[in-house]
Student: 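Here you go, one structure.
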Amino acid sequence: MRKIGLISVILSVLLSFAACGTGSRTGADTSVTSGGTTTVSGTTVPEGKQLSAIENTKKYTVTAADITPEDAARKLAVLFIDDLKTASDERTFRFTAYKDLSVTVSRATELSSEVSAEYGVLPSEISENKWIVEIAVSFQFEGSYAVIGPSGGGWYSALYQGSKIGFLMTKDGNTYTLRSRNDTVNGR
């Protein structure tokens with residue numbers, strides 16, 4: 001029950017940022033101030049910090065001849081997760097270990113209308129050289145992670161929560177790129 005309460009608090013904070021930017025909102029363990037900071041369970045988070053992995057919208061690239069989209073997606077997912085193991089002032093967390101990495105690759109032109117709607121796929125994302133990729137992984141972290149809160153030292157598997165966002169993988173010649181769709185889905 002306590003995890004559900006914490007998740008609700010975190011989601012309300014994130015929704016308040018998305019809906020109204022700055023302002024004043026107070027919850028049981030959360031406050032948002034007009035100064036651009038958020039406090040979640042005693043941890044102060046400056047505005048603009050990435051609270052979860054899906055908010056990392058860097059572009060990752062791999063170039064290789066004769067590689068399948070599935071193999072490219074896996075290599076790109078490793079680059080993405082390894083980057084999250086690097087300390088960064090842009091995030092409130094750092095992955096310290098991961099295991100059980102898997103990817104699901106769906107060609108954008110082959111998505112059903114229901115799946116396209118669920119992901120909020122834009123017309124510009126639909127072509128023969130684009131795929132929606134989901135990354136699943138178990139990880140440990142230090143710091144504070146939006147879906148979880150402060151690290152408890154255990155293994156976690158929720159890269160993000162809520163609506164499906166996924167990653168967009170694009171192929172240009174022998175080069176594949178991967179980027180989180182977080183900004184696309186959230187209108188940034």
Side-chain angles (χ1 to χ4, degrees), residues 1-18 25 27-32 37-60 62 70-106 115 118-120 131-169 178-186 188:
M1 290 302 284
R2 208 178 144 118
K3 277 188 176 181
I4 292 171
L6 179 59
I7 290 169
S8 295
V9 168
I10 291 169
L11 285 175
S12 69
V13 169
L14 294 175
L15 289 174
S16 70
F17 270 130
R25 181 181 174 108
D29 296 315
T30 306
S31 64
V32 178
T37 61
T38 304
T39 303
V40 179
S41 300
T43 303
T44 300
V45 180
E47 185 175 0
K49 291 272 189 174
Q50 297 169 5
L51 302 171
S52 69
I54 198 72
E55 295 177 42
N56 174 5
T57 57
K58 291 180 186 176
K59 186 187 293 186
Y60 299 89
V62 64
E70 292 75 16
D71 289 341
R74 181 158 180 81
K75 289 178 183 288
L76 291 163
V78 168
L79 292 174
F80 174 77
I81 298 297
D82 282 348
D83 186 36
L84 296 176
K85 290 178 69 178
T86 305
S88 172
D89 290 338
E90 297 175 349
R91 295 189 293 271
T92 61
F93 63 93
R94 182 180 74 82
F95 282 12
T96 56
Y98 69 92
K99 64 182 182 179
D100 304 327
L101 175 67
S102 67
V103 295
T104 304
V105 181
S106 303
V115 171
E118 193 174 1
Y119 277 96
W131 296 261
I132 299 296
V133 175
E134 280 292 351
I135 299 172
V137 65
S138 295
F139 61 92
Q140 293 179 315
F141 70 96
E142 60 184 21
S144 184
Y145 197 81
V147 181
I148 300 159
S151 174
W155 287 96
Y156 303 95
S157 60
L159 279 181
Y160 66 96
Q161 182 175 323
S163 299
K164 290 192 173 187
I165 297 172
F167 297 80
L168 182 67
M169 183 173 73
L178 181 82
R179 174 180 268 165
S180 166
R181 296 183 63 252
N182 187 63
D183 288 351
T184 302
V185 171
N186 290 309
R188 294 183 189 132

Student: Measure the CD-NZ distance between E70 and K75 for me, rounded to the nearest 0.5 Å.
Tutor: 13.5 Å
Student: Before giving the answer on side chain to side chain contact (heavy atoms under 4.5 Å, CB included), spell out for V137 and L159 the whole-Å C-alpha distance, their side-chain angles and the decisive distance to 0.1 Å.
Tutor: CA-CA 8 Å; V137 65; L159 279 181; 4.0 Å; yes
Student: When you measure from the side chain of Y98 to the backbone N and O of D82, does any donor-acceptor pair fall under 3.5 Å?
Tutor: no
Student: Tell me whether R181 contacts the main-chain N or O of K164 through its side chain, where contact means a donor paired with an acceptor under 3.5 Å.
Tutor: no
Student: Between Q140 and G153, is there a donor-acceptor pair closer than 3.5 Å when you use the side chain of the first and the backbone of the second?
Tutor: yes
Student: Who are the side-chain hydrogen bond (donor to acceptor under 3.5 Å, both in side chains) partners of K58, not counting sequence neighbours?
Tutor: D83
Student: Quick check: closest heavy atoms across A146 and S52, and the distance to 0.1 Å?
Tutor: CB-CB, 4.2 Å
Student: Taking S180 for the side chain and I54 for the main chain, is one N or O donor matched with an acceptor at less than 3.5 Å?
Tutor: yes
Student: Roughly how far, to the nearest 0.5 Å, is CD of Q50 from CZ of F93?
Tutor: 6.5 Å
Student: Provide the closest heavy-atom pair for V103 versus A77 in the form atom of the first, atom of the second, distance.
Tutor: CG1-CB, 3.6 Å
Student: Is there a donor-acceptor pair under 3.5 Å between the side chain of S138 and the backbone N or O of S157?
Tutor: no
Student: If I take atom CD1 from residue I132 and atom CD from residue E118, how far apart are they, to the nearest 0.5 angstrom?
Tutor: 11.5 Å
Student: Which one of I135, I165, L51 satisfies the side-chain contact (heavy atoms from CB on, under 4.5 Å) criterion with Y160?
Tutor: I165
Student: Tell me every residue that passes ring-ring contact (aromatic ring centres under 6.0 Å, His included) with Y60, counting only those two or more places apart in sequence or in another chain.
Tutor: F80
Student: For residues T92 and Y145, determine if any side-chain heavy atom of one lies less than 4.5 Å from a side-chain heavy atom of the other.
Tutor: no
Student: Test side chain to side chain donor-acceptor pair (under 3.5 Å) on E134 and Y119 and set out the steps.
Tutor: CA-CA 11 Å; E134 280 292 351; Y119 277 96; 2.9 Å; yes
Student: Can L178 and K59 be said to form a side chain to side chain contact (heavy atoms under 4.5 Å, CB included), step by step?
Tutor: CA-CA 6 Å; L178 181 82; K59 186 187 293 186; over 6 Å; no
Student: Could you go through the side chain to side chain contact (heavy atoms under 4.5 Å, CB included) check for S106 and W131 one step at a time?
Tutor: CA-CA 5 Å; S106 303; W131 296 261; over 6 Å; no
Student: Can you tell if the side chain of F167 reaches within under 4.5 Å of the side chain of N182, non-hydrogen atoms only?
Tutor: no
Student: Is the backbone N or O of N56 less than 3.5 Å from a side-chain atom of R179, with the two atoms forming a donor-acceptor pair by type?
Tutor: no
Student: How many angstroms lie between CD in E142 and CZ in R94, if you round to the nearest 0.5 Å?
Tutor: 4.0 Å
Student: Can any side-chain N or O of R74 pair as donor or acceptor with the backbone N or O of L101 at less than 3.5 Å?
Tutor: yes
Student: How far apart are the C-alpha atoms of F139 and K99, what are their side-chain angles, what is the distance that settles it, and do they pass the side chain to side chain contact (heavy atoms under 4.5 Å, CB included) test?
Tutor: CA-CA 6 Å; F139 61 92; K99 64 182 182 179; over 6 Å; no
Student: Hey, would you say the Y156 and F141 ring centroids sit under 6.0 Å apart?
Tutor: yes
